[in-house]
**Student:** 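Below are the structure tokens for one structure; questions will follow.
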Number of protein chains: 2
Amino acid sequence: MVSRERLTKGGKQMKIDFDGIQAFVVIAELGGFNKAAEQLHITQTALTRRVQKLESYLGLKLLDRTTRYVELTSVGREFLPQARAIVAEMTAAVGRLKDMSKYARGNFTLACVPTMAAQILPTLMREYAKDHPNNRIRLLDATSYEVRDAVLNSQAELGIGILGEQRPDLTEVPLFDDPLMFFCRDSNPLSEMKSVTWSDMSDADLIVVSNLTATRAFMDYQLAKRGISLSGAYEVQHHATAISLVAAGVGCAILPASTFQEGDRPGVRRIPLVSPVVKRKVILITRKNSTLSPAAEAFHDLVKKTYPTGARA
Amino acid sequence: MVSRERLTKGGKQMKIDFDGIQAFVVIAELGGFNKAAEQLHITQTALTRRVQKLESYLGLKLLDRTTRYVELTSVGREFLPQARAIVAEMTAAVGRLKDMSKYARGNFTLACVPTMAAQILPTLMREYAKDHPNNRIRLLDATSYEVRDAVLNSQAELGIGILGEQRPDLTEVPLFDDPLMFFCRDSNPLSEMKSVTWSDMSDADLIVVSNLTATRAFMDYQLAKRGISLSGAYEVQHHATAISLVAAGVGCAILPASTFQEGDRPGVRRIPLVSPVVKRKVILITRKNSTLSPAAEAFHDLVKKTYPTGARA
DNA sequence: TGTAATTATTGCGAGATGCGCATATATTGC
DNA sequence: GCAATATATGCGCATCTCGCAATAATTACA
């Protein structure tokens with residue numbers, strides 16, 4: 001805890017006087033009241049008074065001044081480096097903050113599920129960098145649960161995740177729906193279909209993501225409601241792995257549409273999966289009662305602008 | 001040169017606001033406005049306004065606050081360490097200065113001729129240390145000329161030297177007269193005399209200090225006025241050497257009285273030297289138009305109190 | 001030596017600032 | 001829903017701070 005004293009002079013309470021110290025530094029640097037006053041955009045009169053006030057506050061003379069020139073006292077010489085450091089630090093810190101405010105400059109942390117980090121973030125970040133070339137985004141890629149936790153406990157200012165159970169202290173805005181689709185090689189008999197139903201598929205050569213992921217949990221829940229279950233399927237941890245297995249001809253996969261852009265992999269087809277259409281909602285997460293930094297806010301706005309609510313992937 | 005900006009908000013010029021930053025730090029540390037207000041000895045109302053002013057000045061929120069509790073924003077978290085450092089540095093620096101003023105605390109440089117450094121300084125410094133145990137005196141021992149130079153160009157705040165030609169920018173207060181005396185062993189024929197005249201001495205076994213010192217130059221000048229000259233004398237650089245030679249029986253010496261306290265060396269006598277009495281004046285030197293640090297001023301006062309003007313050694 | 005130029009200080013009035021008191025408003029806990 | 005707690009706001013007053021004009025002190029130059 002910083003020591004705090006209430007310093008008095010002549011009975012009156014006087015506050016620590018940054019202006020006075022700044023005045024002292026500028027006068028010492030420029031060697032005169034007039035030049036210093038000009039640089040500080042005040043009259044020389046006011047400057048005189050600032051110095052007088054500071055000196056009376058400290059009970060010390062910092063400047064020996066005749067009408068002809070100004071010179072540091074012994075105490076002033078000793079204090080100057082400290083004063084200079086204080087002024088420099090202060091103006092620098094305040095300058096940084098004003099930059100943050102004025103130009104939405106600064107860094108922030110974004111928590112994001114890996115799928116989205118791979119699919120939508122690159123474009124968003126490139127777009128963001130156009131307007132904010134110096135802003136660094138610390139990326140926290142984690143499961144949908146962890147994303148929400150990170151936002152809740154302020155490890156991240158923003159989160160991109162999958163809609164799940166509502167948490168009261170989070171604000172979640174839907175970005176787009178991300179339907180599950182069927183992925184197969186073009187040699188697969190189903191590859192030419194406009195859409196595939198769940199019953200069209202055989203469990204045997206099916207690849208799904210592990211039941212530890214939100215995607216899988218969501219899928220199981222949606223299917224269970226309709227009396228469908230997948231039992232014989234392969235399980236993998238990552239969507240990218242699933243795609244690779246499909247490409248290698250191991251089997252077919254059920255993955256969110258956004259996992260894969262048409263043409264990413266030669267020979268792999270992405271086909272709508274219906275009866276029912278199962279889709280997860282991608283959401284942008286912020287914390288309630290928590291003010292975003294301008295940098296994060298700018299990103300937040302960009303995301304919302306890029307994905308007007310309800311659009312599809 | 002420190003960058004200086006005049007920051008505006010809504011057309012009004014706003015000064016950098018140390019109070020606001022301090023308020024922010026204290027609130028962040030204590031976790032609430034009320035506790036912080038108490039520590040700062042202002043009302044919670046005033047504190048609220050300080051924070052509001054700071055935030056509006058920066059264009060940023062630093063604290064997310066409901067009526068129930070206070071929490072740092074992302075920007076606030078980032079700023080807190082800097083703010084803490086600024087506040088700590090500022091209060092520490094100001095505290096040091098107030099200590100300097102209130103308790104005459106601090107260090108200073110004293111230039112002094114070696115004779116006086118050896119003879120009167122020890123007592124003075126011991127006395128000074130009683131009231132100012134933590135104050136360090138940087139001692140610059142040098143010739144009388146160098147002492148004046150040091151004071152003139154502010155290498156030293158105070159000087160103790162020998163009266164010479166007046167310099168316009170120095171203030172010199174006489175401390176005591178320091179007459180030249182005759183030093184001999186008690187075996188010397190002159191040793192029992194109440195006083196010795198210049199003509200009583202024989203040049204042959206005389207020891208004087210080198211003509212590079214102020215003492216010697218002064219002595220020569222005073223004697224020349226009266227048509228006396230010493231030609232056959234030994235010359236040494238230091239007063240202490242001369243005393244040792246006397247003690248060893250090499251000869252007799254002419255030295256300032258203050259060189260030697262009665263009883264310093266067994267077998268050595270100090271006898272007044274008259275016709276004429278030649279005495280140099282020991283002076284305390286300060287620079288005109290130059291404010292002393294409280295620490296130096298205290299020493300200055302002590303010296304003047306110890307040697308009321310005109311006293312003898 | 002005197003006069004002009006330069007530089008800091010002081011008197012004064014006007015406007016801005018900052019504070020405290022009383023009150024309002026919002027959230028939590030029972 | 002009510003009491004308790006904590007921050008925000010309306011308002012008036014005291015003080016601060018500024019700028020202008022005039023003063024004082026020192027230097028430079030004629």
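Computed from a predicted structure; not experimentally measured. The chains referred to below are lettered A, B, ... by the order of the sequence lines, with proteins before strands, and numbering in each begins at 1.
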**Student:** Over how many whole Å does the gap from A:Arg65 atom CZ to C:dT10 atom P extend?
**Tutor:**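 Spelled out: CZ on A:Arg65 to P on C:dT10 is 9 Å.
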**Student:** Name all pairs fulfilling the ring-ring contact (aromatic ring centres under 6.0 Å, His included) condition that reach into residues 61-81 of chain B, sequence neighbours left out, sorted by first residue then second.
**Tutor:** B:Phe24-B:Phe79
**Student:** With respect to the phosphate group of C:dT17, does any side-chain polar atom (N or O) of B:Lys53 fall under 4.0 Å of OP1 or OP2?
**Tutor:**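 No, because none of the side-chain N or O atoms of B:Lys53 sits under 4.0 Å from OP1 or OP2 of C:dT17.
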**Student:** Should we say atom NZ of B:Lys288 is surrounded by more than 12 heavy atoms from elsewhere, each under 6.0 Å from it?
**Tutor:** yes
**Student:** Between B:Gln52 and D:dT9, is there a side-chain N or O to OP1/OP2 distance below 4.0 Å?
**Tutor:**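 Affirmative; the distance criterion is met.
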**Student:** At under 4.0 Å, does any side-chain N or O of B:Arg50 touch on OP1 or OP2 of C:dT17?
**Tutor:** no
**Student:** Salt bridge or not for B:Arg96 and A:Glu78, using N-O below 4.0 Å?
**Tutor:**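 Judged by the 4.0 Å cut-off on N to carboxylate O distance, B:Arg96 and A:Glu78 do not form a salt bridge.
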**Student:** Is B:Tyr307 close to B:Leu284 at the side-chain level, that is, under 4.5 Å between some pair of heavy atoms?
**Tutor:** no
**Student:** How sharply is the helix from C:dT1-D:dA30 to C:dC30-D:dG1 bent, taking the axes over five pairs at either end and rounding to 10 degrees?
**Tutor:**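 Roughly 30°, once rounded to the nearest ten degrees.
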**Student:** How many Å lie between CG on B:Asn289 and C1' on C:dT7, as a whole number?
**Tutor:** 15 Å
**Student:** I need the CZ-C1' distance between B:Phe33 and C:dT25, as an integer number of Å.
**Tutor:** 15 Å
**Student:** Each nucleotide in nucleotides 19-28 of chain D should get exactly one letter: B, S or -. Can you fill that in based on protein heavy atoms under 4.0 Å?
**Tutor:** BBB---BBS-
**Student:** Tell me whether the NZ or CZ atom of B:Lys98 lies within the 45° cone about the ring axis of A:Tyr57 and under 6.0 Å from its centre.
**Tutor:** yes
**Student:** With nearest nucleotide decided by heavy atoms, which residue, B:Asn34 or A:Asp17, maps closer to the 5′ end of DNA chain D?
**Tutor:**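 Per heavy-atom nearest nucleotide, the more 5' residue is B:Asn34.
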**Student:** Should A:Asp149 and A:Arg167 count as an ion pair when the cut-off is N to O under 4.0 Å?
**Tutor:** yes
**Student:** Closer than 4.0 angstrom, basic N to acidic O: yes or no for B:Lys61 and A:Glu297?
**Tutor:** no
**Student:** Between atom CG in A:Asp19 and atom P in D:dT17, what is the gap in whole Å?
**Tutor:** 8 Å
**Student:** Is it true that, when you exclude A:Arg136 itself, more than 12 heavy atoms of the residues, nucleotides or ligands shown sit nearer than 6.0 Å to its CZ?
**Tutor:** no
